[in-house]
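Note on naming: letters A, B, ... go to the chains in the order of the sequence lines (proteins, then strands), and numbering restarts at 1 for each one.
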Amino acid sequence: MTEFETAVVAVLKGLGDGEVLTYGEVADEAGFPGAARAVGNLLRTCDDDLPWWRVVAAGGYLKAGETSRQAEILRSEGVRVEKNRVKV
DNA sequence: CCCCTGACTAGAA
DNA sequence: TTTCTAGCCAGGG
């Protein structure tokens, strides 16, 4: 478990209902600004207990291919979603 | 050790 | 507005 993983996991586990962050924000909060790709890679490989649906691309765009499912979950948590993207 | 890939981002053309 | 480039971290060949 690298520091990066630990930090990112900590940030994700700290998210509450309705809390949505972008990959870049997660990386920044974890202390690795610019490591957005690594965040995505981590969620892709270790998606065990991580709330992946609360992580979206820059601009609030949802994950391609599963925008439907993600949008549903987000809406159920009180997040306003419009046209496959989180409303700010 | 080097190169490529990936649920990414920001800036330039 | 759309496309491309460079930069970021980690993992695999």
Side-chain angles (χ1 to χ4, degrees):
Chain A
M1 201 61 133
T2 64
E3 277 183 66
F4 175 75
E5 293 179 46
T6 308
V8 172
V9 171
V11 172
L12 294 179
K13 291 198 178 241
L15 294 176
D17 289 13
E19 289 283 331
V20 179
L21 296 179
T22 67
Y23 294 91
E25 286 178 310
V26 173
D28 186 43
E29 283 293 315
F32 292 77
R37 293 185 94 154
V39 174
N41 191 19
L42 180 64
L43 283 173
R44 162 173 211 203
T45 57
C46 316
D47 52 7
D48 300 309
D49 301 323
L50 306 177
W52 59 269
W53 58 89
R54 293 183 194 163
V55 183
V56 300
Y61 291 94
L62 304 181
K63 177 186 174 322
E66 305 211 32
T67 54
S68 218
R69 193 160 53 169
Q70 185 169 17
E72 255 182 283
I73 303 175
L74 288 175
R75 278 182 310 189
S76 71
E77 294 197 348
V79 179
R80 186 199 261 274
V81 181
E82 265 187 35
K83 300 248 196 277
N84 298 339
R85 87 176 203 126
V86 175
K87 180 123 172 93
V88 186

Heavy-atom donor-acceptor pair, [X] side chain to [Y] backbone, under 3.5 Å:
{"X": "A:Glu29", "Y": "A:Val11", "result": "no"}
{"X": "A:Thr67", "Y": "A:Ala64", "result": "no"}
{"X": "A:Glu5", "Y": "A:Leu42", "result": "no"}
{"X": "A:Arg75", "Y": "A:Arg80", "result": "no"}
{"X": "A:Arg54", "Y": "A:Leu15", "result": "yes"}
{"X": "A:Glu77", "Y": "A:Leu74", "result": "no"}

Query raised in the report: What are the two closest non-hydrogen atoms of A:Phe4 and A:Val39, and how far apart are they?
Result: CZ-N, 3.6 Å
Query raised in the report: What's the spacing between A:Leu43 CG and A:Leu12 CG if we round to 0.5 Å?
Result: 5.5 Å
Once you round it to whole Å, what is the distance between [atom2] of [N] and [atom1] of [X]?
{"X": "A:Asp28", "N": "B:dA10", "atom1": "CG", "atom2": "P", "answer": "11 Å"}
{"X": "A:Leu21", "N": "B:dC8", "atom1": "CG", "atom2": "C1'", "answer": "14 Å"}
{"X": "A:Leu42", "N": "B:dA7", "atom1": "CG", "atom2": "P", "answer": "14 Å"}
{"X": "A:Tyr23", "N": "C:dG7", "atom1": "OH", "atom2": "C1'", "answer": "19 Å"}
{"X": "A:Glu25", "N": "B:dC8", "atom1": "CD", "atom2": "P", "answer": "15 Å"}

Report summary line: What residues 10-19 of chain A contributes to the DNA chain B interface at heavy-atom separation below 4.0 Å is none
Requested in this report: Take atom P in B:dC4 and the same atom in C:dT5, then report the distance between them in whole Å.
Outcome: 15 Å
Query raised in the report: What does nucleotides 8-13 of chain C look like as a protein-contact string, B for base, S for sugar-phosphate only, - for none, at under 4.0 angstrom between heavy atoms?
Result: BBBS--
